[in-house]
A.B. asks: 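Right, I'll just put the structure down here and ask away after.
Lettering follows sequence order; numbering is per chain, from 1. Since we're looking at a predicted model, the values are computed, not measured.
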Amino acid sequence: MARQYITTAIDYPNAAPHMGHVLEKVLADVCARWFRLRGDDVRFQIGTDEHGIKIQQTADREKLSPRELVDRNVPMFQNLYQKLGISADLFIRTSDENLHWPTVIELWKRLEKAGVLEKRTYTGLYCSGCERFLTKKDLVDGMCDIHKVKPQEVKEENWFFKLSEETAWLKKLLKKDYKIIPSFRENETMALLETGLDDVSFSRPKSSLSWGIPVPGDENQTMYVWCDALTNYISGLDIFGLAKEASHAKLTAGSEVWWSSATVTHVIGKDIARFHALIWPAMLKHAGVRTPDQLLIHGFLTSEGQKMSKSLGNVVKPDEVLAHFGGNPDPLRFYLSHEVPVGNDGDFSWKRIDEVYVSKLGNQLGNMLNRVLVMLKKEDTELIIPSDTENAAKTKKQWQEFAETLNTFDIHGALQQVMTAVDAMNRAFNAAEPWKLKGAEKIEALSRFAESLRHVSLMLLPFIPGTAQKISVQLGVPYAGAMLEKSFVITESMKQWGAMKDWKRVGEPSILFPPLEKA
RNA sequence: CGCGGGGUGGAGCAGCCCGGUAGCUCGCAAGGCUCAUAACCUUGAGGCCGCAGGUUCAAAUCCUGCCCCCGCAACCA
C-alpha cells in the first residue's frame with residue numbers, strides 16, 4: 001500500500017485567518033481525502049508558525065505576551081479548519097517546546113556539525129520606526145517610505161546557512177528527485193538557480209528577536225524563521241525520536257516512517273515556493289535526512305478581482321462565508337475546488353459563489369437527486385438496476401478518467417468532470433421521460449439514475465464530503481454511514497455499475513442546497 | 001530594455017504548442033416539459049478573438065512592432 005505524507009504551510013497567527021489560508025487547506029484536504037479513498041495510507045499535517053518579530057510586535061501593541069497572543073489566535077485557525085472539515089491528523093505549533101523544539105535544535109546541531117552554518121557580521125539599514133532592517137526596495141530617496149526617516153546603518157551578528165554552495169546539487173535534485181507542480185513553477189525555480197544563490201541568514205541576536213527558539217550553544221542568538229518553521233514537517237513526526245514525554249499523545253508510534261518511507265508532498269503558496277524548493281532540501285541533505293518528493297504550489301486569491309488588502313477593505317473572512325451558507329462548509333469547498341485551477345491565481349466573489357451555489361449545487365446537483373428520489377419514493381418499491389454493458393463501460397471509463405485527473409492534482413479538472421456527468425444526467429432524464437413510464441419499466445429507468453448518482457456521490461467525496469455522504473444516505477446506499485471515516489476506501493465493486501447487491505431501497509429525500517434567502 | 005501573467009460575445013474562462021466552420025459556464029430571450037429546489041430540456045440573440053503590419057490558398061492560432069491591464073504576494077520576512 002502506498003504511504004502518503006501531505007503537509008500544508010504553517011500559518012502565521014498574528015491576525016485572523018483569511019481566504020488565502022483556506023484555499024491552501026482545502027486544496028491539501030482534497031488531496032489527502034483522495035489519497036485515502038483510493039486506498040493509500042495517509043498522514044496529513046497542518047499547523048502554525050508562531051515565532052518571529054511580527055508576533056512580538058503585535059503582542060506588544062496589544063499589551064500581551066507573545067505566548068498570550070498566539071494562544072489567543074491559534075484557536076481561530078484550529079476552529080476554522082475544523083468547521084471546514086480539514087481532515088488533518090496533526091496540528092503542529094512551532095511554540096510547542098515538547099514536540100517541535102527538540103527536532104529543530106537537533107537539526108541545527110547537525111547543520112553546524114556539517115559545517116554549513118557560519119557566524120558573520122551583517123550590516124544593514126535599520127529603521128527604528130519599522131523596527132526592522134529595510135531592503136533597497138523599501139527605500140525612497142534613501143529614506144524609509146513609511147516613517148520618512150533615514151535608516152541607521154547597524155551591524156549585527158547572524159548565523160548564515162551556506163546555501164550559495166548548493167546550486168549545482170539543487171539543480172540535479174530538482175531535475176530528478178524533487179518534483180514541482182505545476183511545471184512552470186519548476187522553470188521559474190531553475191531560472192532562479194541560474195542566477196546563483198545567496199547564503200541565508202539563519203539567526204538574529206536575541207536583543208532584536210527574543211520570541212523564538214534559542215540557538216544551541218549560542219544563547220544570545222535566536223533562530224530565524226527557516227530552521228524553525230520549515231522543520232515542522234519533520235518535528236510533527238518526531239523523526240529523531242526526541243519529543244518530550246508530554247507530546248507523545250499527539251504521535252502515533254513509529255511516526256517517522258511517514259518521512260522515511262512515504263511519498264512526501266508539501267502544499268504551499270507561490271510566495272514561499274523558493275524556500276521550500278531550495279533551502280529546505282539543502283538543510284535536510286546536510287542533516288542526513290532524505291529530501292521530500294514533491295511541491296504542490298498554489299496561487300493566490302484576489303477578492304472581487306482585486307488584490308486582497310486591508311486598506312481596500314475587501315478582505316473576505318472565511319467565517320462570513322461559512323455563516324452565509326448556514327455553517328455548511330461545502331459551498332466554499334466546492335467554489336475553491338471548482339473555480340480555481342491548481343497553480344493559478346483565483347478570485348473570490350460573493351456574486352460568483354452565490355451563482356455557483358444556486359446553479360451548480362442547487363439546480364444541477366441537488367435538484368437532480370431530488371427529481372430521482374421523489375419519484376422513486378412514491379413508487380415505494382425495491383430498486384431494479386439492470387445489468388447494462390453500455391452503462392458499465394461508461395462508468396468504468398468515467399472512474400478511470402476521474403482518477404487520472406485527480407492523481408495529477410488537477411482537482412479543478414476532476415470536479416468539472418463530475419459536474420459534466422451530472423449535467424448529462426439531467427439531459428438524459430428529460431430524454432428518458434420516466435414520468436410517462438409505468439411499472440417495472442419506470443422503476444428500472446429511475447434506478448439507473450439512482451445508480452449514476454451513487455457514483456457521483458463517491459466522486460464528490462474528496463471535495464464536499466458532507467454533501468457527498470448526505471447524497472448516499474438519501475439514496476439509501478448501505479455503506480453511506482461509513483463514508484466519512486478516514487478508513488473508508490472506494491473499492492472496486494463500489495466503482496462497478498450495479499455491483500451493490502445489498503442496496504435495495506432509497507432513503508428519505510430532502511433538500512441539499514436550499515435557495516438562498518434574498519438579502 | 002527588471003521579472004512574471006494576461007487582453008476572445010454582458011461577466012468569467014477554454015482554444016494558441018501541432019494554422020482550416022470560434023467553444024464552455026453564468027447571465028439574457030423564445031419555446032418545450034411538468035418528475036423536481038419557479039428547478040429541468042431545446043433553440044436563439046450577442047464576438048471585426050487589444051491594435052498595426054507580415055508569412056500563408058487559409059491566422060484567435062506562426063512572425064514583427066506597438067498599446068493597454070494585472071501582480072511582484074496575503075497584512076506584511
A.B. asks: Roughly how many Å is it from CE in Met419(A) to P in U25(B), rounded to a whole number?
C.D. replies: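 Atom CE in Met419(A) sits about 12 Å away from atom P in U25(B).
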
A.B. asks: Could you pick out which residue, Trp226(A) or Pro514(A), lies toward the 5' side of RNA chain B when each is mapped onto its nearest nucleotide?
C.D. replies: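 Its nearest nucleotide lies further toward 5', so the answer is Pro514(A).
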
A.B. asks: Using a 4.0 Å heavy-atom cut-off, does Gly52(A) contact any base of the nucleic acid, only the sugar-phosphate backbone, or nothing at all?
C.D. replies: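 Result for Gly52(A) = nothing.
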
A.B. asks: Determine the interatomic distance between P on U56(B) and the same-named atom on C63(B); round to the nearest Å.
C.D. replies: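 Straight-line distance between the two P atoms is 16 Å.
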
A.B. asks: Just wondering, do Trp211(A) and Ile53(A) contact through their side chains at under 4.5 Å, heavy atoms?
C.D. replies: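 No, too far: nothing below the 4.5 Å cut-off.
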
A.B. asks: Measure from CG on Asp423(A) to C1' on U25(B) and round the result to the nearest Å.
C.D. replies: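 Nearest whole value for this atom pair: 9 Å.
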
A.B. asks: Identify whether any heavy atom of Asn367(A) sits under 4.0 Å from a base atom; if not, whether one sits that close to sugar-phosphate; answer base, sugar-phosphate or nothing.
C.D. replies: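 Base, at least one base heavy atom under 4.0 Å.
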
A.B. asks: In whole angstrom, give me the gap between the C1' atoms of G31(B) and G50(B).
C.D. replies: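 So the two C1' atoms sit 38 Å from each other.
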
A.B. asks: What is the distance, rounded to the nearest whole Å, between atom NE2 of His18(A) and atom C1' of C76(B)?
C.D. replies: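 Going from His18(A) (NE2) to C76(B) (C1'), I get 10 Å.
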
A.B. asks: Using a 4.5 Å cut-off on heavy atoms from C-beta on, say whether the side chain of Arg204(A) contacts that of Glu157(A).
C.D. replies: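 Heavy-atom side-chain distance check fails, nothing below 4.5 Å.
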
A.B. asks: Say we look at C24(B) and G65(B): how far apart would their C1' atoms be, to the nearest angstrom?
C.D. replies: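 Straight-line distance between the two C1' atoms is 33 Å.
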
A.B. asks: Between C41(B) and U55(B), how many Å separate the two C1' atoms, rounded to a whole number?
C.D. replies: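 Their C1' atoms lie roughly 47 Å apart.
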
A.B. asks: Between U37(B) atom P and Phe325(A) atom CZ, what is the distance in whole Å?
C.D. replies: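 In whole Å, U37(B) P and Phe325(A) CZ are 21 Å from each other.
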
A.B. asks: Going by heavy atoms closer than 4.0 Å, what residues in residues 62-72 of chain A are next to RNA chain B?
C.D. replies: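 The answer is none.
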
A.B. asks: Decide yes or no for Met368(A) and Asp423(A): does some side-chain heavy atom of the first lie under 4.5 Å from some side-chain heavy atom of the second?
C.D. replies: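 The answer is no, as the side chains (C-beta and beyond) never meet within the 4.5 Å cut-off.
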
A.B. asks: Which whole-number value in Å describes the distance from Glu339(A) CD to A11(B) C1'?
C.D. replies: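 The answer, rounded to whole Å, is 12 Å.
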
A.B. asks: Can you give me the closest heavy-atom contact between Val456(A) and Leu365(A), atom names plus distance?
C.D. replies: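 Closest heavy-atom pair between Val456(A) and Leu365(A): CG1-CD1, 4.1 Å.
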
A.B. asks: One thing to verify: whether Arg352(A) and Asp347(A) come together as a salt bridge, which I'm taking to mean a side-chain N less than 4.0 angstrom from a carboxylate O.
C.D. replies: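 So Asp347(A) does not pair with Arg352(A) through a salt bridge.
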
A.B. asks: When you compare the protein's N or O atoms with those of nucleotides 30-35 of chain B, which come within less than 3.5 Å of each other, and at what distance?
C.D. replies:
from   : atom 1 : to        : atom 2 : distance (Å)
C35(B) : O2     : Arg371(A) : NE     : 3.1
C35(B) : N3     : Arg371(A) : NE     : 3.3
C35(B) : N3     : Arg371(A) : NH2    : 2.6
C35(B) : N4     : Arg371(A) : NH2    : 3.0

A.B. asks: Decide salt bridge (charged side-chain N to carboxylate O under 4.0 Å, His left out) for Glu68(A) and Arg72(A); before the verdict, give the C-alpha distance in whole Å, the side-chain angles of both, and the deciding distance to 0.1 Å.
C.D. replies: CA-CA 6 Å; Glu68(A) 286 166 338; Arg72(A) 186 197 69 190; over 6 Å; no

A.B. asks: Taking only residues two or more places apart in sequence, or in another chain, which ones meet Ser359(A) in a side-chain hydrogen bond (donor to acceptor under 3.5 Å, both in side chains)?
C.D. replies: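 None.
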
A.B. asks: For Pro509(A) and Gln474(A), which heavy atoms make the closest approach, and how far apart are they?
C.D. replies: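 For Pro509(A) versus Gln474(A), the nearest heavy atoms are CA-OE1, 3.5 Å.
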
A.B. asks: For the residue pair Leu516(A) and Tyr357(A), establish whether any side-chain heavy-atom pair is separated by less than 4.5 Å.
C.D. replies: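 When only atoms from C-beta onward are counted, Tyr357(A) and Leu516(A) do touch, with a gap below 4.5 Å.
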
A.B. asks: Could you check whether the rings of His338(A) and Phe334(A) sit parallel, tilted or perpendicular, using 30° and 60° as the cut-offs?
C.D. replies: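 Ring orientation, 0 to 90° scale: parallel.
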
A.B. asks: Quick one: the dot-bracket string of RNA chain B, using Watson-Crick and G-U wobble pairs with both distances under 3.5 Å, [ ] for crossing pairs and | for bases paired to another strand.
C.D. replies: .(((((((.[[[[.)....(..]]]].(((((.......))))).....[[[[[..)....]]]]])))))).....

A.B. asks: In whole angstrom, give me the gap between the C1' atoms of C75(B) and G10(B).
C.D. replies: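 To the nearest whole Å, 34 Å.
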
A.B. asks: Is the shortest side-chain heavy-atom distance between Phe91(A) and Tyr81(A) below 4.5 Å?
C.D. replies: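 Side-chain contact under 4.5 Å: yes.
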
A.B. asks: Does the pair Lys377(A) and Glu379(A) meet the rule for a salt bridge (charged side-chain N to carboxylate O under 4.0 Å, His left out), with working shown?
C.D. replies: CA-CA 5 Å; Lys377(A) 203 67 199 169; Glu379(A) 297 301 317; over 6 Å; no

A.B. asks: If the C1' atom of G15(B) is compared with that of U34(B), how far apart are they to the nearest Å?
C.D. replies: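 38 Å, rounded to whole Å.
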
A.B. asks: Mind calculating the distance between CG (Leu415(A)) and P (C13(B)) to the nearest angstrom?
C.D. replies: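 Roughly 18 Å, once rounded to whole Å.
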
A.B. asks: Between C67(B) and C76(B), how many Å separate the two C1' atoms, rounded to a whole number?
C.D. replies: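 Result for the C1' pair: 34 Å, nearest Å.
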
A.B. asks: Take the angle between the ring planes of Phe161(A) and Phe202(A) and call it parallel below 30°, perpendicular above 60°, tilted in between.
C.D. replies: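 Judged by the thresholds at 30° and 60°, the geometry between Phe161(A) and Phe202(A) is parallel.
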
A.B. asks: Mind calculating the distance between NE2 (His338(A)) and P (U25(B)) to the nearest angstrom?
C.D. replies: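 One finds 11 Å between P of U25(B) and NE2 of His338(A), rounded.
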
A.B. asks: Please report, rounded to the nearest Å, how far the C1' atom of C26(B) is from the CZ atom of Phe334(A).
C.D. replies: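 Between C1' of C26(B) and CZ of Phe334(A): 13 Å.
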
A.B. asks: Name all residues meeting the side-chain hydrogen bond (donor to acceptor under 3.5 Å, both in side chains) criterion together with Asp228(A); count only those two or more places apart in sequence or in a different chain, and write none if there are none.
C.D. replies: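 So Asp228(A) forms a side-chain hydrogen bond (donor to acceptor under 3.5 Å, both in side chains) with His51(A), His100(A).
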
A.B. asks: Take Phe513(A) and Asn14(A), find for each the nucleotide of RNA chain B with the closest heavy atom, and name the residue whose nucleotide sits nearer the 5' end.
C.D. replies: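 Taking each residue's closest nucleotide, the earlier one in sequence belongs to Phe513(A).
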
A.B. asks: For G46(B) versus C35(B), give the span between their C1' atoms, rounded off to a whole number of Å.
C.D. replies: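 34 Å, rounded to whole Å.
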
A.B. asks: Near RNA chain B, under 4.0 Å by heavy atom, which residues of residues 351-365 of chain A?
C.D. replies: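 Going residue by residue through residues 351-365 of chain A, the ones with a heavy atom under 4.0 Å of RNA chain B turn out to be Glu355(A), Ser359(A), Lys360(A), Gly362(A), Asn363(A), Gln364(A).
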
A.B. asks: If the threshold is 4.0 Å, N to carboxylate O, is there a salt bridge linking Asp330(A) and Lys470(A)?
C.D. replies: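 No salt bridge links Asp330(A) with Lys470(A).
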
